[in-house]
2 protein chains.
Amino acid sequence: MSGEEAPTQQLQPEQEKKPDEPPPAAPEPPLESEGSPAAAAEEKELPCRALVLTGYGGYDKVKMQVKALSPSQLKAGEVLLRVKACGLNFAELLGRQGLYELLPAPPVTMGMEGCGVIEACGEDVKDRKVGDRVITLARSGMWQEVVIVPADRTFLMPEQMSFEEGAALSVNYLTAYMMLFEMANLRPGKSVLIHMAAGGVGVAVTQLCRTVQDVTVFGTASASKHETISQGGVTHPIDYRTKDYVEEIRKISPKGVDIVLDPLGGSDTQKGFSLLKPLGSLIVFGAANCVTGQKKNLLAMAKTWYHQLSLSALKLMQVNKAVGGFHLGYIPDEELISRTMVMLLELYKQGKIKPRIDSCYHFEEVTDAMKRMHERQNIGKVILLPEAKKKEEEKPKSDPEPVESEEKTGAAVSEQKEEVAEEVQAEKD
Amino acid sequence: MSGEEAPTQQLQPEQEKKPDEPPPAAPEPPLESEGSPAAAAEEKELPCRALVLTGYGGYDKVKMQVKALSPSQLKAGEVLLRVKACGLNFAELLGRQGLYELLPAPPVTMGMEGCGVIEACGEDVKDRKVGDRVITLARSGMWQEVVIVPADRTFLMPEQMSFEEGAALSVNYLTAYMMLFEMANLRPGKSVLIHMAAGGVGVAVTQLCRTVQDVTVFGTASASKHETISQGGVTHPIDYRTKDYVEEIRKISPKGVDIVLDPLGGSDTQKGFSLLKPLGSLIVFGAANCVTGQKKNLLAMAKTWYHQLSLSALKLMQVNKAVGGFHLGYIPDEELISRTMVMLLELYKQGKIKPRIDSCYHFEEVTDAMKRMHERQNIGKVILLPEAKKKEEEKPKSDPEPVESEEKTGAAVSEQKEEVAEEVQAEKD
């Protein structure tokens with residue numbers, strides 16, 4: 001695949017968007033004939049629930065809308081996928097505020113990753129068939145009940161993998177894997193600092209570190225999450241809210257750490273750089289410090305920008321350190337992404353990695369989902385479910401895998417409401 | 001070893017320096033009793049030829065002097081070493097011009113690496129004995145007939161290794177190894193660009209790349225050296241004098257390269273960065289572009305400084321690239337250096353690496369040696385020999401290993417005099 005833009009465009013039939021809020025979703029009719037899908041789907045339009053960013057701003061800018069998707073759009077090499085679960089990423093919080101340049105301008109259906117069941121295959125699709133459970137990813141457009149994607153951008157899910165796990169794998173684990181093994185050269189005996197260690201990438205990094213011998217993981221997270229992340233493999237959890245993490249790390253490892261993975265930006269990048277041992281690498285992969293309130297905060301952005309690490313090559317020579325940046329959205333190499341996905345699915349089958357699901361929210365609860373991540377309440381991945389909310393007891397019928405017992409639905413938020421929900425980043429700067 | 005400064009101080013008995021040029025060196029008397037070396041050496045002062053930097057400037061600032069070294073200085077844990085061969089490094093050209101901040105202020109004996117035979121051991125030296133052939137390295141002080149060094153900073157030479165090879169191993173191969181495997185994460189199938197591919201580090205990088213499967217090496221060097229470096233393992237030699245190496249590489253590999261090792265600095269660092277594939281690393285390990293004429297050139301320095309790569313963390317994120325700096329002199333971790341030396345000696349024994357000796361010069365020919373490197377005439381390592389120059393036919397008697405047939409003495413310079421000896425860097429900017 002050469003066109004970086006292709007998946008995004010294909011996933012966004014925005015021309016069909018209705019400006020006014022459509023009526024609540026009707027139950028979606030199944031495609032009638034699996035035998036000749038293209039023919040069967042030719043005439044019908046599928047109603048399709050989608051989470052659409054209607055403008056930049058607070059939570060209310062993400063609205064559930066019902067679009068109409070015509071299966072006749074299905075082109076050669078593409079598959080039509082009924083999405084069962086989608087991942088929520090920090091990039092989407094940034095995107096809602098207008099801070100994520102890879103997201104097309106609103107109105108746009110958001111969502112970078114999801115998984116589901118193939119309902120129709122276009123011509124020339126050889127190694128996928130109707131009924132296959134697959135994971136897929138794109139720049140946007142995945143928060144939608146039905147999507148059309150290139151078949152070669154889908155990855156077969158292992159049998160034992162739930163849809164929630166499938167939706168939690170791609171963005172977080174690709175990011176963690178590429179940073180640790182492609183850029184930072186993780187090897188036995190090394191030490192790693194990961195911020196937001198209880199987040200989706202944090203959990204993925206921790207699990208991948210455990211696939212290498214004798215790796216020490218320093219992870220920052222609020223104290224209430226320490227027990228969980230310790231069990232997950234963080235050697236030294238550090239409460240960044242009450243302690244100076246630089247001091248804490250120096251107490252344990254006076255020489256510092258070999259690898260720092262930094263999703264925060266600004267002054268934390270500088271601190272991370274100072275913590276590097278000689279021959280160590282810092283990799284910046286986000287600017288979470290930009291996000292404070294619900295809406296774009298110019299002061300936080302300016303601070304993050306002002307404090308960001310800026311280095312000359314000569315300075316790096318004097319300290320024997322390396323600084324890199326990572327952004328999955330800017331990886332143009334589809335083949336590399338595919339190869340890494342295959343590797344990750346293999347690690348999953350071997351039981352070496354397993355996405356930790358924090359909570360699941362139906363599309364109509366997307367505000368709660370975003371709040372949970374924004375307020376850093378989650379431990380692991382926040383999942384969005386396209387299917388309309390029913391009584392909580394009812395399990396979705398079409399889901400061949402039972403939802404894992406550790407998963408929570410919307411109720412999860414209230415369970416942890418006692419946790420301080422203030423603007424945590426404001427404290428940090 | 002904790003003290004970074006210790007070896008340097010021990011290697012520089014500058015307090016004994018005679019301000020006036022001493023008489024020509026007398027043949028050095030051998031230590032009388034090998035059985036009780038400390039006792040035997042107690043009273044005598046050893047005359048000791050040394051190459052001393054007397055002030056910053058041109059070639060004439062490095063003068064041969066005869067110092068007196070008292071073996072009674074030998075402290076516990078140290079050995080007294082008769083140096084048989086020393087390496088010349090680009091850092092010494094910089095140092096002579098006052099551009100190498102790790103070199104103590106003149107007057108100072110130069111030289112970062114050498115090898116020879118142990119003539120006396122201090123107390124508490126357990127795993128070294130008189131007669132051992134060893135390699136050693138320090139920040140300065142190695143260009144001297146006899147040196148005192150900590151025993152744990154010496155490395156036993158394999159039997160088949162010549163002194164010239166021993167003197168060529170440490171700085172170049174440590175630099176190459178740490179850059180390729182500690183910082184840049186060289187793996188099968190990757191591509192590497194090395195500038196000055198015919199230089200000491202260039203040859204080491206090329207050989208180490210060959211220890212990994214399917215690595216493509218792009219190497220810049222003047223056309224007259226292409227045949228030799230091709231035989232050495234450079235896949236694509238590029239004549240930077242007549243061609244734009246960025247264009248040449250893009251013709252062969254449109255996506256660029258995975259690893260760029262940059263000893264030049266300035267605008268070449270920017271070009272190297274532009275050539276990186278996503279997830280690629282650039283490592284700057286020198287600023288050879290600063291060196292044009294014999295003396296410090298403020299304009300070249302300013303240009304190199306002005307054009308040097310300066311990056312913010314956010315910029316790196318957008319391109320998925322990493323930039324590091326490497327400088328062996330700033331590696332404080334003695335244990336890491338020792339471990340890597342042991343690994344390199346093992347690779348030598350396996351026949352996987354073998355320093356390429358360009359030419360050998362006696363101490364009195366140091367100006368020719370520096371010129372040869374300065375004018376980029378060398379292919380491989382330029383070696384300095386402490387022993388006084390005799391008739392060319394005579395082999396040194398004390399050398400247990402025959403000098404390799406491919407090595408040349410001073411005559412090497414004139415052999416290649418036809419090669420253009422202009423200020424090659426001036427062309428590049």
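Everything quoted here is computed from the prediction, not taken from an experiment. Scope of the values below: all heavy atoms of this structure, side chains included, with no hydrogens, waters or symmetry mates. Proteins get letters first, then strands, A, B, ... in listed order; numbering begins at 1 in each.
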Is L336(A) in contact with chain B via its backbone, its side chain, both, or neither, using a 4.5 Å heavy-atom distance?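 Just its side chain gets close to chain B.
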Select one option (side chain, backbone, both, neither) describing which atoms of F326(A) are under 4.5 Å from chain B's heavy atoms.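 It is both, since atoms from each part get that close.
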Between V319(B), L316(B), L282(B), which residue shows the highest count of heavy-atom pairs closer than 4.5 Å to chain A?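 Maximum pair count with chain A is reached by L316(B).
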Roughly how far apart are K277(A) NZ and I331(B) CD1, rounded to 0.5 Å?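 Result: 12.5 Å between the selected atoms.
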To the nearest 0.5 Å, what is the distance between CG (N320(A)) and NE2 (H327(B))?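 Going from the CG atom of N320(A) to the NE2 atom of H327(B) covers 8.0 Å.
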Donor-acceptor contact present, side-chain N185(B) to main-chain F181(A), <3.5 Å: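 Confirmed, N185(B) side chain pairs with F181(A) backbone.
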Minimum heavy-atom separation for M317(B) to V284(A), with atom names?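 Distance-wise, the nearest heavy atoms are CG-O, 3.2 Å.
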Might you confirm whether atom CZ of R210(B) has over 12 heavy atoms from other residues, nucleotides or ligands at distances under 6.0 Å?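 Atom CZ in R210(B) is not packed in, count stays at 12 or less.
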Is E335(A) atom CD crowded by more than 12 heavy atoms from other residues, nucleotides or ligands, each under 6.0 Å away?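 It does: E335(A) CD has more than 12 such atoms within range.
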Heavy-atom pairs under 4.5 Å with chain B: which of M183(A), K255(A), M179(A) has the most?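 The residue among M183(A), K255(A), M179(A) with the greatest pair count is M183(A).
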Could you tell me if the side chain of V323(A) sits less than 4.5 Å from the side chain of V323(B), heavy atoms only?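 Counting from C-beta outward, V323(B) and V323(A) never come under 4.5 Å.
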